[in-house]
Amino acid sequence: MHISRLALDYFRSWDHCVLDLGSHVNVLFGHNGLGKTNIAEAVEFLSTGSSHRAGSSQPLIQHGQKSAVIRANVESGRDVSDPDISGSEKKTGTKPDQYTVTIPAKGANRARINNGPALYLRDIVGNIKTVSFTPEDQWLISLDPARRRSFLDSAGSQIIRDYFRVLQKYAHVSKQRSALLKNIANRRDMGSSTYGPEGDSRYSGYSSQGYDSQSIAQDYSSLEVWTGQLISTGIELTRLRASICDQLEGPFSRIYSHIAGDSQKATLKYSPSFTEVYDFPDDPFSAISSHFQRLFEGEAAQARNLIGPHRDDIGFFLNSMPAREYASNGELWTLALALKMALFEVLSEKMAAGHNERHNDTGNTPSDSDNNFHGTRNKPILILDDVFSQLDIYRRTKIVDFAAGQGQVIITAASQSDIPDEFISGNMDTHAGVELIDVEKVRDNTDDIWGG
Ligand SMILES: Nc1ncnc2c1ncn2[C@@H]1O[C@H](COP(=O)(O)OP(=O)(O)OP(=O)(O)O)[C@@H](O)[C@H]1O
């Protein structure tokens with residue numbers, strides 16, 4: 001799988017840009033602040049529906065614009081006999097699929113494949129598989145849990161088809177519930193006297209001033225509804241995340257030992273907020289519901305959801321010791337590299353399995369062109385965003401070795417001298433050549449030459 005052409009309109013610093021990419025190594029170079037990472041980020045967003053640099057899609061839209069658009073021609077080497085993934089027409093050639101994603105300042109993100117119907121972003125997330133290595137990886141294991149959740153979400157959205165939908169639903173429910181808790185907290189603050197209609201202890205703490213018993217009852221029943229939805233969606237998300245961690249753990253441990261030496265044992269452990277999903281696997285709902293009841297006073301006082309998958313984490317252990325507390329900087333880096341490489345391996349296996357399934361379904365044997373494509377077709381796109389200037393020679397070599405013989409690789413660097421020689425000279429075990437892309441020239445290219 002690779003992107004042969006990428007076009008951006010009003011995406012971050014780009015007014016318009018059209019960029020042709022090669023099927024193997026693409027080196028995007030140019031001075032600081034030119035927009036290289038923005039290009040890599042657009043590919044990441046197309047793939048995962050999120051960006052490791054932004055908590056929402058708002059910063060992706062150029063200042064002052066109403067929307068941003070990402071378009072990509074995606075070559076997946078689909079057979080002539082494979083159904084068109086947009087469902088709109090039967091393909092008769094090997095034309096790429098054209099993906100278009102529109103990110104509006106207001107309203108839901110929209111997507112389209114070829115001339116198919118308008119879709120939601122969630123309908124296409126995970127179709128284009130990518131794994132990004134970024135300078136921020138050095139903090140992935142050691143700093144705040146939000147980074148590890150973001151990794152889990154990016155991995156989950158690509159490994160499990162339904163993951164992104166469940167994640168979006170959970171985010172929505174969690175936002176509604178915390179807004180309601182804020183209302184409750186505000187109303188409680190409106191006065192000091194305690195109000196308890198018909199002596200119902202559930203309402204203790206509510207103020208009687210400016211807040212009638214009907215509103216209190218309404219708040220309370222809304223809270224029960226949102227709590228129920230938070231629990232059921234949260235259980236679903238927890239189970240999906242547990243499955244993602246299960247799938248990553250084996251490759252992660254093996255790859256870490258391969259890099260750091262056989263005596264070094266690294267493990268990872270999913271640490272869900274809803275521990276009840278493990279403690280009461282048959283019926284976690286009632287146990288979590290009781291937990292929420294016990295937390296009500298705290299939630300109302302702090303006006304936020306105190307438990308749920310938005311508090312999840314992954315623990316990393318090195319020789320049974322928690323890596324956050326014991327690992328050296330170098331080891332933390334290596335753990336992150338091994339984690340990303342493990343994701344790459346899991347995604348490659350999924351792609352190969354999907355490819356074989358399609359052939360089994362159609363009864364077709366792979367064509368010659370398919371066999372030629374096979375090496376890159378079943379590999380995610382590898383994004384190496386400004387990593388080489390940050391890495392020591394040992395880890396640089398590990399990444400170079402890893403990228404050799406993979407599918408499409410998109411590398412960004414401020415200077416060509418940051419790129420290891422192996423990439424520039426193209427003497428790796430490559431399927432195609434190396435494209436050197438001067439981003440300054442891309443910036444100059446504002447004509448709309450998108451041809452599809
Ligand atoms: N929403 C936005 N609207 C306009 N400009 C933006 C927006 N978001 C980011 N930028 C600009 O994009 C530029 C950064 O681009 P990017 O991070 O891609 O640079 P880079 O070429 O990767 O640089 P470096 O080599 O320093 O990493 C900054 O000048 C920033 O101000």
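Atoms within a ligand are numbered from 1 in the order they appear, just like the ligands themselves.
- Distance from atom 24 (P) of ligand 1 to its nearest protein heavy atom, with residue and atom name: Asn32 ND2, 3.5 Å.
- Taking the centre and axis of the six-membered ring of Tyr99, the NZ or CZ atom of Arg112 falls outside the cone set by 45° and 6.0 Å.
- Ile39 CD1 to Ile410 CD1: the interatomic distance, rounded to the nearest 0.5 Å, is 9.0 Å.
- Remark: ligand 1 atoms within the under-4.0 Å shell around heavy atoms of Leu34 are 19 (O), 20 (P), 21 (O).
- The shortest contact between atom 11 (C) of ligand 1 and any protein heavy atom is with Ser13 CB, 3.7 Å.
- With no hydrogens or angles considered, a side-chain donor-acceptor pair links Gln62 and Asp15 at under 3.5 Å.
- At least one heavy atom of Arg53 sits less than 4.0 Å from an atom of ligand 1.
- Between the choices Glu41, Arg12, Gln65, Lys36, the shortest heavy-atom distance to atom 2 (C) of ligand 1 belongs to Arg12.
- Two rings, from Phe11 and Phe45, have their centers 6.0 Å or more apart.
- A donor-acceptor pair under 3.5 Å links the side-chain atoms of Arg324 to the main chain of Ser142, judged by distance alone.
- Nearest protein heavy-atom contact of atom 3 (N) of ligand 1 is His63 N, 3.1 Å.
- Considering backbone and side-chain atoms alike, Leu60 places every N or O at 3.5 Å or more from each N or O of ligand 1.
- Remark: side-chain polar atoms of Asn319 are paired, donor with acceptor, to backbone N or O of Lys265 under 3.5 angstrom.
- Given atom 22 (O) of ligand 1, the protein heavy atom at minimum distance is Thr37 OG1, 2.7 Å.
- Of the protein's heavy atoms, none falls inside 4.0 Å of atom 30 (C) of ligand 1.
- Listed by atom number, the atoms of ligand 1 under 4.0 Å from Gly35 heavy atoms are 15 (O), 16 (P), 18 (O), 19 (O), 20 (P), 21 (O).
- Checked by atom type, the side-chain pair Ser271/Asp313 shows no donor-acceptor distance below 3.5 Å.
- The protein non-hydrogen atom at the shortest distance from atom 18 (O) of ligand 1 is Asn38 N, 2.8 Å.
- Side-chain contact between Ser273 and Pro309 is absent, with no heavy atoms from C-beta onward closer than 4.5 Å.
- Ligand 1 has Ile61 within reach: a non-hydrogen atom of the residue lies less than 4.0 Å from it.
- Between Leu332 atom CG and Leu337 atom CG the span is 11.0 Å, to the nearest 0.5 Å.
- Ligand 1 has no N or O atom lying under 3.5 Å from any N or O atom of Ala414, backbone or side chain.
- A distance of 9.0 Å separates CZ of Phe296 from OG1 of Thr227, quoted to the nearest 0.5 Å.
- The single protein non-hydrogen atom nearest to atom 13 (C) of ligand 1 is Gly33 O, 3.8 Å, given as residue, atom name and distance.
- Remark: atom 8 (N) of ligand 1 lies closer than 4.0 Å to at least one protein heavy atom.
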